[in-house]
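Worksheet: the structure to be examined is printed underneath.
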Amino acid sequence: MLSGVRSQPLQPGRGPLSPGSRAGIGAALALLALVSAVELADGRPAHYIALMAAAPLVAAALASWRVVLGLGVLATGAGVAFALAEPTTSLVTAVNVAAIALAAALAAGVAAVRQRQAERIAELTRLASVAQQAVLRPLGPQVGTLAVAARYISSTATAEIGGDLYEVMDTPYGVRMIIGDVRGKGLDAVRLASIVLGSYRHVAYERADLRAVVTDLDRAVARNVGDEDFVTAALVEERGGTLTIVNCGHPPPLLLRRGAVIPLEPPAPAPPLGFMPVVRPRVERLEPGDRLLLFTDGLGEARRDGEFFPTADRAWRLLGHGTVADGLASLETALVEWVHGRLDDDIALVLMEYSGPRAAVTAAVPSWEVGAAES
């Protein structure tokens, strides 16, 4: 997740060459060697030196502009050497050498523009990741009596940013968790997700009833969205082995128990946050070893060739082994393989395991009070 230390990027031209630069250098040098070998075998006059102009152009697609410029100078020097080897330099040869130099200058310019764009995209991606991580704090591995793990799977390779949200906290009313999905994507969705999580982190400690928490979150959403915006959410509370769930238009959590997968559907449907939901809690009694999967609708919408990922059918085999973190890793691997690496929506996953009642804690008696306690 988010690191507290910002690493300093390498200055251009310093540090080891990137794999792209090495590949560009290799391709350009191979091309120069091939053209030189053909030219030497052909003899005088020089017929093929114009092909050396392709060497810096090939490197421009992969290498930094300094590397491209160096290769351009090398190609131009090789062209000049072949031109000087002629008894009398012809006009065609001179034009070919000038073309190599011009191609080298153009290739260096193209590489410079490409490099600046790549650095800008990398910086925007890093800022997007920081924004996402500022909203979604690290979870687990233990919260109260629950082992907890979370995972955020982005549908885009360039940035992990979206409106899916989750949080787990140990409150005076038990371990409380929320998972939600903001309508839309991008920075507006992240802004609303941060508002929901900020409100939840406050009211989860203040309200004894989850229905009151929902009411407060609904007000927070209504104050900050348009008429068509909303947030689906499921709120869960574990207190003394009793699980209470309220659902606001969100996919129901899955309870994994002794090989069975049980969708915890709400007693009555309720609209998302922002539409004044009136929720009815569902209460379940947990058993040691029970696992609960919370997820956003990106998981339910993941499909290939029109066939949806069989979450309920495969949940126990994927999530019922190892630690909760191991289970989520297995689920992500199977999901990405199912969709061939192409997701239509971001996915947030939270997996928790109930280990049993919390052991009573006996306060230790300070050594200087031992005598007093025995008397």
Side-chain angles (χ1 to χ4, degrees), residues 1 131-140 142-146 148 150 152 162-184 188-227 229-253 264 266-284 286 292 294-297 348-352 354 358:
M1 295 299 284
Q132 184 73 31
Q133 293 164 0
V135 173
L136 301 179
R137 302 186 298 193
L139 297 184
Q142 191 76 24
V143 182
T145 60
L146 305 179
V148 178
Y152 191 99
D164 292 16
L165 59 97
Y166 54 76
E167 181 62 285
V168 180
M169 299 183 300
D170 193 3
T171 74
Y173 309 106
V175 177
R176 285 181 164 178
M177 59 193 82
I178 183 174
I179 190 161
D181 190 355
V182 176
R183 179 179 179 272
D188 287 340
V190 174
R191 179 187 64 84
L192 183 53
S194 67
I195 291 172
V196 173
L197 285 176
S199 299
Y200 177 76
R201 287 164 182 159
H202 172 70
V203 299
Y205 283 94
E206 302 296 327
R207 305 297 188 207
D209 193 325
L210 282 182
R211 289 170 293 187
V213 175
V214 168
T215 300
D216 288 343
L217 295 180
D218 178 68
R219 292 195 190 103
V221 171
R223 286 194 298 263
N224 290 279
V225 299
D227 294 337
D229 295 327
F230 56 83
V231 181
T232 67
L235 285 74
V236 179
E237 174 187 287
E238 183 278 320
R239 189 191 313 191
T242 298
L243 192 70
T244 305
I245 305 169
V246 293
N247 197 313
C248 304
H250 198 77
L264 300 182
L273 299 173
F275 293 125
M276 296 183 291
V278 178
V279 294
R280 291 179 56 190
R282 172 164 181 164
V283 179
E284 296 284 335
L286 290 175
L292 186 72
L294 310 175
F295 57 94
T296 53
D297 60 4
L349 303 168
V350 178
L351 182 63
M352 72 91 175
Y354 176 66
R358 190 178 311 198

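In what follows, residues are counted from 1 in the order of the sequence shown. Note: hydrogens, waters and symmetry copies are ignored here, and every other heavy atom, side chains too, is used.
- Between the side chain of Asp218 and the main chain of Gly274, a donor-acceptor pair closer than 3.5 Å is present.
- With rounding to the nearest 0.5 angstrom, the CZ atom of Arg211 is 13.0 Å from the CG atom of Leu235.
- The two residues Glu237 and Ala208 make their nearest non-hydrogen contact at OE1-O, 4.3 Å.
- No side-chain heavy atom of Val213 sits under 4.5 Å from any side-chain heavy atom of Ile178.
- Summarising the geometry, atom CG belonging to Leu294 is positioned 8.0 Å from atom CD1 belonging to Ile245; distances are rounded to the nearest 0.5 Å.
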Evaluation steps, side-chain contact (heavy atoms from CB on, under 4.5 Å), between Leu243 and Leu264: CA-CA 11 Å; Leu243 192 70; Leu264 300 182; 4.0 Å; yes
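- The closest side-chain heavy-atom distance from Leu351 to Leu349 is not below 4.5 Å.
- Across all their heavy atoms, Ser194 and Arg191 have their closest contact at OG-O, 2.5 Å.
- Under the 4.5 Å side-chain criterion, counting only non-hydrogen atoms from C-beta, Pro266 is not in contact with Arg282.
- We find the CG-CG distance between Asp164 and Asp297 to be 7.5 Å, quoted to the nearest 0.5 Å.
- To the nearest 0.5 Å, atoms OH (Tyr354) and OG1 (Thr145) are separated by 5.5 Å.
- Under the ring-ring contact (aromatic ring centres under 6.0 Å, His included) criterion, Phe230 pairs with Phe275, sequence neighbours left out.
- Checking side-chain atoms of His250 against main-chain N and O of Val231 turns up no donor-acceptor pair under 3.5 Å.
- The closest donor-acceptor contact from the side chain of Arg176 to the backbone of Ala204 lies under 3.5 Å.
- Rounded to the nearest 0.5 angstrom, Tyr166 OH and Thr296 OG1 are separated by 10.5 Å.
- In Arg239, the CZ atom is crowded: over 12 heavy atoms of neighbouring residues, nucleotides or ligands sit closer than 6.0 Å.
- The shortest non-hydrogen separation linking Val278 to Ala270 is O-CB, 3.8 Å.
- In this structure the side chain of Met352 reaches within 4.5 angstrom of the side chain of Leu286, judged on heavy atoms.
- Between Cys248 and Val214 there is a side-chain heavy-atom pair separated by less than 4.5 Å.
- Taken to the nearest 0.5 Å, the CG atom of Asp229 stands 12.5 Å off from the CG atom of Leu273.
- Side-chain N or O atoms of Tyr200 include one that pairs as donor or acceptor with a backbone N or O of Met177 at under 3.5 Å.
- Applying the side chain to side chain donor-acceptor pair (under 3.5 Å) test to Arg280 and every residue at least two apart in sequence or in another chain returns nothing.
- Taking 4.5 Å as the limit, every side-chain heavy atom of Val175 sits out of range of all side-chain heavy atoms of Val148.
- Side-chain contact check for Leu139 versus Glu167: some heavy-atom pair is nearer than 4.5 Å.
- Not counting sequence neighbours, Thr171 has no partner by the side chain to side chain donor-acceptor pair (under 3.5 Å) test.
- Nearest heavy atom pair, residue Ser199 against residue Leu217, reads CB-CD2, 3.7 Å.
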